Amino acid sequence: MTEEQRRGNAQIAEQDYNAAVLDAADRVKIQHALADRMLQALLIANGGGLIGLFTFVGNVAASKSAAIRFDFPWLHAAFALFVAGLVFGLAAHVAGFVSQDRFYNQAIIEIRDAQKNMLVGGPRAPGEELERFNAQGLRAYKIGIGLAVISTIAFAAGCGAALFAVQG
């Protein structure tokens, strides 16, 4: 390998290093923003449903002339589904954090590898550690998405159960 080729490889390695550093920073920002928005939406929806149902039941119970009655098994199901939606929403947030952590560690390994590549003068194949963090991050990401979907379904089912609970 000539000196010119070595310098060219070193430049490529330095570009890879700079790209990996930017990628790591962007991943942290993006994952944080997404997880935060998702948590807020899921918690507001399910928590709002729970609070709204408590308020409605309390107002009906306090009203002496209310012609509305409740089917208590459906009412209990509605409360349980909204609580389940909250729990799954919180679990989705935790999975999002784990995903971000794994992808962050992957990015750090990419930075470390890029630094080594700069020292040896050329790119090398990624190692098992990098692939492991990537696989763990993807798994946590998919689990988080699944939990968010379950939370959303719990909210929709809770709304349906609340509707069935109201008779009159």
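Source: prediction; values computed, not measured. Counting begins at 1 with the first residue of the sequence.
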Between atom [atom1] of [X] and atom [atom2] of [Y], what is the distance when rounded to the nearest 0.5 Å?
| X | Y | atom1 | atom2 | answer |
| --- | --- | --- | --- | --- |
| Q106 | I111 | CD | CD1 | 11.0 Å |
| F88 | N46 | CZ | CG | 10.5 Å |
| L86 | S151 | CG | OG | 7.0 Å |
| N134 | N105 | CG | CG | 12.0 Å |
| I108 | L130 | CD1 | CG | 11.5 Å |
| S99 | K142 | OG | NZ | 11.0 Å |

* **Atom OH of Y104 with >12 non-hydrogen neighbours under 6.0 angstrom** =>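 No, not enclosed.
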* **Within 6.0 Å of CD in E4, more than 12 heavy atoms from elsewhere** =>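 No, CD of E4 has 12 or fewer neighbouring heavy atoms, counting only those of other groups under 6.0 Å.
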Flag yes if [X] and [Y] sit in one hydrophobic cluster, no otherwise; membership is Ile, Leu, Val, Met, Phe, Trp, Tyr, and two members link when side-chain heavy atoms are under 4.5 Å apart.
| X | Y | answer |
| --- | --- | --- |
| F155 | I145 | no |
| L163 | V83 | no |
| I68 | F72 | yes |
| I150 | I143 | yes |

Which heavy atom of [X] sits nearest to which heavy atom of [Y], and what is that distance?
| X | Y | answer |
| --- | --- | --- |
| L53 | A78 | CD2-CB, 3.5 Å |
| D16 | A114 | C-CB, 4.2 Å |
| F133 | I109 | CD1-CD1, 3.1 Å |
| L75 | A165 | N-CB, 3.4 Å |
| A148 | A92 | N-CB, 3.8 Å |

* To do: Might you work through the side chain to side chain donor-acceptor pair (under 3.5 Å) test for Q5 and N9, ending with a clear yes or no?
  => CA-CA 6 Å; Q5 289 172 326; N9 286 343; over 6 Å; no
* Asked: Going by atom types only, do Q11 and Q15 share a side-chain donor-acceptor pair under 3.5 Å?
  ->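 Note: Q11 and Q15 side chains miss the donor-acceptor criterion.
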* **Whether F54 and F79 hold their rings parallel, tilted or perpendicular, with breakpoints at 30° and 60°** =>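 F54 and F79: tilted rings.
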* **F97 backbone acceptor or donor facing D101 side chain under 3.5 Å** =>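 No.
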* Could you tell me whether a side-chain N or O of S63 sits under 3.5 Å from a main-chain N or O of N59, the two making a donor and an acceptor? =>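 Side chain of S63 to backbone of N59, a donor-acceptor pair under 3.5 Å: no, none is there.
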* Asked: For F103, is the NZ or CZ atom of R27 found under 6.0 angstrom from the centre of its six-membered ring and inside 45 degrees of the ring axis?
  ->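 Satisfied, under 6.0 Å and within 45°.
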* In a check of side chain to side chain contact (heavy atoms under 4.5 Å, CB included) between F82 and each of I51, L50, V87, which one passes? ->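 The side chain to side chain contact (heavy atoms under 4.5 Å, CB included) with F82 is passed solely by L50 among I51, L50, V87.
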